[in-house]
Amino acid sequence: MSAVLNPPILTKPVQRSRSHGANVLRRLVRNPVAMTAAAVIALLVLVAILAPWIMPADPFATSMFKRLRPIGTPGFPLGTDELGRDMLSRLMLGGRLSLFMGIAPVLMAFVIGGGIGILAGYAGGRVNTVVMRCIDVLYAFPSVLLAIALSGALGAGITNALISLTVVFVPQIARIAESVTTQVRRSDYVDAARASGAPAFTIVRRHVLGNVVGPIFVYSTSLISVSMILASGLSFLGLGVKPPQPEWGLMLNTLRTAIYSQPWIAALPGALIFVTSVSFNMLADGLRSAMEVKS
Amino acid sequence: MSISNITPAALADPRDLGGPRQPLLRVQHLQKHFPLKRKGLALRGPRPAVRAVDDVSFDIRKGETLGVVGESGCGKSTTARLLMQLIQQDRGELVFDGQTVGSRALPLREFRRQTQMVFQDSYSSLNPRMTIEDSVAFGPTVHGVSARVALNRAHDLLARVGLDPARFAGRYPHELSGGQRQRVNIARALALEPRLVILDEAVSALDKSVEAQVLNLLEDLKRDFGLTYLFISHDLHVVRYVSDRVLVMYLGQVVEVGPAEQVFDAPRHPYTRALLQSMPSTDPLQRTTEAPLSGDPPNPIDPPAGCRFHTRCAFAQPVCGRQMPAFVEPAPGHGVACLRWQPESGYEPTPDFPAMPAPTPAVPLALGTLPDIFPEAHHG
């Protein structure tokens with residue numbers, strides 16, 4: 001046989017096609033809506049990260065004499081809250097926790113739920129049934145109720161809110177991961193890989209992961225906005241972030257008493273939550289359509 | 001098949017254990033039933049099952065091409081997947097060159113190195129996220145070949161199947177045509193240096209000109225690499241062209257097996273006969289106007305008792321519905337499972353099959369006396 005196989009006959013370098021990832025990125029960059037959303041998110045993240053250095057005032061300095069100043073007051077471009085703290089500074093610093101609570105639980109659920117789903121989908125049969133029925137138990141609860149119940153049981157605090165939100169998202173992501181993996185597992189190229197004698201772990205790593213991570217990731221990005229809103233909800237109920245720490249959901253809660261005197265100020269944190277979640281959704285949509293194209 | 005059919009490469013193969021007379025793969029009493037859900041409250045009794053493959057035994061000889069034909073749903077593909085051990089059989093065993101597959105002498109992993117498969121769907125059998133060279137090189141790396149050596153081997157094989165590695169190695173499957181993809185699949189199967197290649201409808205999805213190219217390629221590769229083929233197809237013309245021996249399946253069972261020319265020219269089983277009569281002729285004067293077989297095959301969940309073909313057989317007698325025919329060899333090397341050929345089966349001897357319509361000699365046609373080749377063309 002080696003007599004037939006001569007040494008390599010490559011005279012020219014191998015022409016490489018653009019990989020799937022590069023193609024998706026190219027299409028995403030050409031999508032104006034997704035790029036606008038990405039720019040907004042980038043700006044929000046940048047401001048949140050740099051907040052301690054760029055915020056104009058101390059977000060914790062209260063003043064009984066400067067309560068609920070309107071937007072445009074000299075020294076307080078976005079006014080002050082019910083304790084006389086600078087709104088702009090608080091919104092900038094609050095973005096840190098709000099964005100963190102939007103992204104971190106989804107990221108954790110992406111790893112855990114994705115892992116569970118891929119495992120169940122690739123194993124199939126009884127393992128799949130057992131794992132997915134357990135996941136279904138969690139899935140049966142409305143997500144808001146589950147998050148509140150878990151946070152309530154664990155007690156208030158950022159870590160506990162993080163854990164409960166992760167638990168809320170794990171079943172959702174696991175379900176998507178399971179269904180995508182089941183499809184891939186039935187494909188001929190996985191059969192061909194099995195026929196080559198490759199162990200299951202190698203097949204999952206080389207053949208399954210690359211084909212399922214994309215759809216799972218897209219679905220997960222669409223959950224970031226949900227996570228932000230749920231986290232804000234938890235803070236609003238006093239189960240997430242504790243005052244005086246600024247966080248958009250918590251600020252919405254404390255400012256609701258001012259809704260009649262200073263409605264614009266009371267609406268500011270809500271507007272930011274809205275803009276951020278819409279941006280994440282639009283980016284996820286753009287990512288999805290950039291991936292769906294069969295080229 | 002005579003010894004002379006065996007390619008020199010097959011004889012020289014150092015992996016050959018039992019010599020040329022020992023079958024490369026011996027399939028013994030292979031059975032696969034796919035269980036179904038019970039209906040309603042029927043909790044007792046045997047669970048219903050699709051009997052996809054039911055007691056199938058045959059040999060694949062070294063260096064031959066064994067064609068497998070049969071209607072859709074007769075168990076051809078299930079047999080292929082069982083042979084590749086992609087699904088586990090309920091019963092029966094595979095003996096590869098004298099060694100039982102899955103035994104200590106021949107673990108599954110080693111067997112899979114020596115047996116490879118090419119699937120029908122050229123697109124879905126390639127990972128869309130992998131370059132062609134990575135797909136071909138994957139198998140060798142699994143068996144401990146270094147990545148660089150495996151890539152070199154992939155480039156060699158791509159060149160061997162007619163794809164310039166410089167142009168194609170770095171591409172993705174969606175950038176290739178169906179014929180090119182099937183060449184890649186063949187290269188991938190050969191990357192593990194197998195001895196037996198299962199071609200499950202490997203050329204059926206290609207258009208005719210490409211199909212011919214790929215068939216010729218397969219022929220060349222078989223000679224050069226000393227391969228043995230199991231060639232599954234529903235295209236009888238192609239099977240006749242490539243096969244040394246032919247195996248006919250019906251409802252999960254082997255009904256006839258023998259040398260290709262004997263099976264095609266003098267079929268013994270009424271089903272084979274009907275199948276061959278359904279072959280469209282290339283001569284418009286020989287067109288088949290009536291279907292030689294009527295109806296669909298019976299339900300494989302509850303196959304007919306006795307001979308499974310008796311419900312559609314033109315030669316069936318009452319005994320056929322009661323007695324399961326055994327596999328007999330009326331002529332050496334040509335086996336058939338039919339009561340007509342089984343001595344003392346209770347089947348009333350009848351004259352042999354009416355002779356297959358002999359091809360009418362080409363009559364030189366005088367101008368103006370052209371026969372009505374397309375009667376349906378007269379619209380009035």
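Naming convention: chains lettered A, B, ... in sequence-line order (proteins, then strands); numbering from 1 in each chain.
Identified by a heavy-atom distance below 4.5 Å to chain B, the contributing residues of residues 195-221 of chain A are A:A195, A:S196, A:G197, A:A198, A:P199, A:T202, A:R206, A:H207, A:G210, A:N211, in residue-number order. Residue-level contacts of residues 178-188 of chain B with chain A, in order of numbering, are B:R188; threshold 4.5 Å between heavy atoms. Contact annotation for residues 102-113 of chain A against chain B (heavy-atom separation below 4.5 Å): no residues qualify. Along residues 179-192 of chain A, the residues that come nearer than 4.5 angstrom to chain B, judged on non-hydrogen atoms, are A:S187, A:D188, A:Y189, A:D191, A:A192 in order of number.
A salt bridge between B:E175 and A:R18 is absent, with no side-chain N of the basic residue lying under 4.0 Å from a carboxylate O of the acidic one.
Taking CD of A:Q15 as the reference point, atom CZ of B:R167 lies at 7.0 Å (rounded to 0.5 Å). To the nearest 0.5 Å, the span separating NE2 on A:H20 from CE on B:M130 amounts to 14.5 Å.
Residue B:R112 comes nearest to A:R194 through the heavy atom pair NH1-O, 3.3 Å, listed as atom of the first residue, atom of the second, then distance.
By the 6.0 Å contact criterion, CZ on A:R126 is open, its count of non-hydrogen atoms from other residues, nucleotides or ligands being 12 or less.
Within the 4.5 angstrom heavy-atom criterion, only side-chain atoms of B:E133, from C-beta onward, approach chain A. For B:L192, the part lying under 4.5 angstrom from a heavy atom of chain A is the side chain only.
When the candidates B:D134, B:V142, B:N127 are compared by the number of heavy-atom contacts under 4.5 Å with chain A, B:N127 comes out ahead.
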